[in-house]
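Here the structure is laid out as structure tokens; the discussion comes afterwards.
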Amino acid sequence: MIATPDQRLDALRGPAPRMHHNARTLAALENNPRCMLRAVLDASGSDKAAIAAHTGYQAPFGQSSFALARGNVFETMVKANGCAELLRVLRETLQLTLPEVGYQDLNDVGGDGRAESRHARTTHLLTAAARGHGSDTLYDHPMLRLVVGGHPVFLEPDLVAFRVDDRFHVVEIKSFPIVDDQAAPAQVRAATTHACAYIIALRAMLAASGIGPESVSDTIVLIAPKDFTNRPTGAFVDARKQVATLTRQLERIQRIGDLVELLPEGLTFDLAADDTGRPQRPAQELAEALDQVPATYYPECLNHCEMAFYCRSRARADGSLDVLGSAVREQLGGVDTVTMALGLARGTLTPNDDQVEMAVALRHAARLRVELHNSPGAAGAAS
Amino acid sequence: MSDPLDALEENIATLRRAIRDAATAGDSIRLDELRARLRRAERAWSALVDTDDPSTAPATAERMDPPSSAPVSRGAMLPAREHAHRALMLLQTPAAPKLIVNVHEAFFPGELSASKMSSLRRDEERSYRAAPGARPYYLCPALTYDLLSPARALVTISTWRLEQRIIGPLSPRVDFLTGAIRIAEAIRGSIDSPDTEASPTAWRLLWRFAVNIPGATSTKPAADVGTTDPNQVIDAARAELDVHADTDHATRAESARRARKQLSDVQQLFGASLRDVRHRQAEA
């Protein structure tokens, strides 16, 4: 009975090797938990990038190499010279005392960079620290492990700080600026989501040694450039809500079996790759298979899901309002599609009782737009 | 400072014995080769004995070269490893390639790029293994205190004591503070001497250290690059150093003892691989 969903998931993936969850797919899980297509593809370990490419919706660029390089440069700068900048910031935010400077480099274990050995060492050191053996404070790139849907995922926070006699804090080093104590909310949210996965993984690791979840703080420390300089500053971000959401979503993954039950028998996303790894399956057939699983598209999906362009084209074809983002969607409550919204605005559709107010607003907006278009000075700005 | 000298002397003795054997055996090709190696080792030995004096501040020493020497001062044409060596001798601590480049730019003439530094590190071990002790010093990695494996991206000089080359949990901070003191001293030295002047890069480097040491910069909000006081930096760094120094020294000394007992000469310089570590643990 337990093996059945797993077998179904393997069948969905085909013979290709399983792709593992990573911080990005976990972020997607937290951001768009309702999307069934994403849930099924991630749970089956299918290669979303390859599937998207084969259906003709390859993400035109992956993660920006410039953004990655900038992020790495900033992180290196913060940690340079014995974490000098970082210590200054942490002394300000976490009130670290002078003796708390002990540093453990977990980027490799004696030149061995494999995730397994790093994880073993991380476990050893952090558990000892939680038990009060060891006086170290900064753990650079620890390797954590989280079991998602029965499969291990390795996660690597930028840094975990341990305040003596207190708690672990996950530290995220990000290169977007904090200007006048404000940072871009979307980016803070993305950083927090990553950090949540780390908090959960850290708690799971300590729980295995019988150490309670209170030893890991729900508050993450965000280190980012201050204003328009390159010097780091620190801020606390409360992650309680997101930790709770992600925990709940992770528990739901265990119930993926229920989801899979709903799928038609014989459905597969197998690319039928030949020996050279070139997909042989007709793209049309693959697209039909994908269309059998409902997807929930939001513009935010473009940030974290490889299938986003595929889903966007589908949502556009259906005239779904999701394409326009959650703000528009909430404004137009009760209206489902772009066609319906346009129909109401033009007065070609008769609104039902729920839509009367909305229809008035839409017609008003349409009238304003026409007026703007007819006044020559503003036409350029309005279009 | 005695380790590499001891190693060299041992090496010289071995070579002399080998030359005697080769002479007895009448193997003239081998004899020539061994003689060449012996000459190299002896040159290295005398170079080491002569240069092994870190007490003179390298910054001022370098700049007080007779002005009659070539206008592009003497250091400019040196190979990259000599540049790195000078920067490290100024710092007296294990340092990341980037810091070495920064210190070099701040205090010494000539070009040294980060890319050169990374190829250097590979070459040094190869060169040592090909002819141990043929050079007066080698640039080698710092060693981690627990596994005695090479520490990531930290360069040291083979002539330093093992204690100086081992990185414990507190050592990154201790080395940072020591480095700050050394840089401040070098700047103070160049202020005191009439014919030299610390470069703006040097002041900037000092400022970057100072802002991360509690009490090292003036509390006035206008505190900027030019207003850093070397004496204040030294005092502040010493004050924090006092907090960490004893614990750090104990860790390093203990590890160094272990390294001398467990590691071969090559491993003491270039670190033990993880396989060696496992082997040692299995034996223990």
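These numbers come from a predicted model, not from an experiment. Naming convention: chains lettered A, B, ... in sequence-line order (proteins, then strands); numbering from 1 in each chain.
Heavy atoms only, all atoms of each residue included: A:Q104 and B:P169 are closest at NE2-CG, 3.8 Å. The shortest heavy-atom contact between B:F176 and A:N81 is CD1-O, 3.4 Å. Nearest heavy-atom pair, B:P172 versus A:G82, reported as atom, atom and distance to 0.1 Å: CB-CA, 3.5 Å.
Using a 4.5 Å cut-off between heavy atoms, A:E85 touches chain B through backbone and side chain atoms alike. For a residue to count as touching a neighbouring chain, one of its non-hydrogen atoms must lie under 4.5 Å from one of that chain's; by this rule B:V174 does not touch chain A. For a residue to count as touching a neighbouring chain, one of its non-hydrogen atoms must lie under 4.5 Å from one of that chain's; by this rule A:L87 touches chain B with the side chain only. The contact between B:D146 and chain A is made entirely by side chain atoms (from C-beta outward), counting heavy-atom distances below 4.5 Å. With a threshold of 4.5 angstrom between heavy atoms, A:D105 approaches chain B through side-chain atoms but not through N, CA, C or O.
B:R152 contributes atom CZ, which lies 6.5 Å from atom CG of A:D108 (distance to the nearest 0.5 angstrom). Note that the CG atom of A:D136 and the CG atom of B:L170 stand 7.0 Å from one another [nearest 0.5 Å].
With chain B as partner, the option from A:V89, A:L86, A:V109, A:T76 having the largest number of non-hydrogen pairs under 4.5 angstrom is A:V109. The candidate with the highest count of non-hydrogen atom pairs below 4.5 Å against chain A, out of B:A153, B:G168, B:S149, is B:S149.
The environment of A:H141 atom NE2 is dense: over 12 non-hydrogen atoms of other residues, nucleotides or ligands sit within 6.0 angstrom. Heavy-atom neighbours of B:N231 CG from other residues, nucleotides or ligands within 6.0 Å: above the threshold of 12. The neighbour count for A:R70 CZ, taken as heavy atoms of other residues, nucleotides or ligands under 6.0 Å away, is above 12.
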| Hey, mind stepping through A:E100 and B:V243 against side chain to side chain contact (heavy atoms under 4.5 Å, CB included) and telling me if it holds? | CA-CA 10 Å; A:E100 291 176 292; B:V243 178; over 6 Å; no

| field | A:R91 and B:E240: CA distance, side-chain angles, deciding distance, salt bridge (charged side-chain N to carboxylate O under 4.0 Å, His left out) verdict | value | CA-CA 13 Å; A:R91 281 173 178 175; B:E240 194 188 328; 2.8 Å; yes

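Using a 4.5 Å cut-off between non-hydrogen atoms, the part of residues 94-102 of chain B that approaches chain A consists of B:L99.
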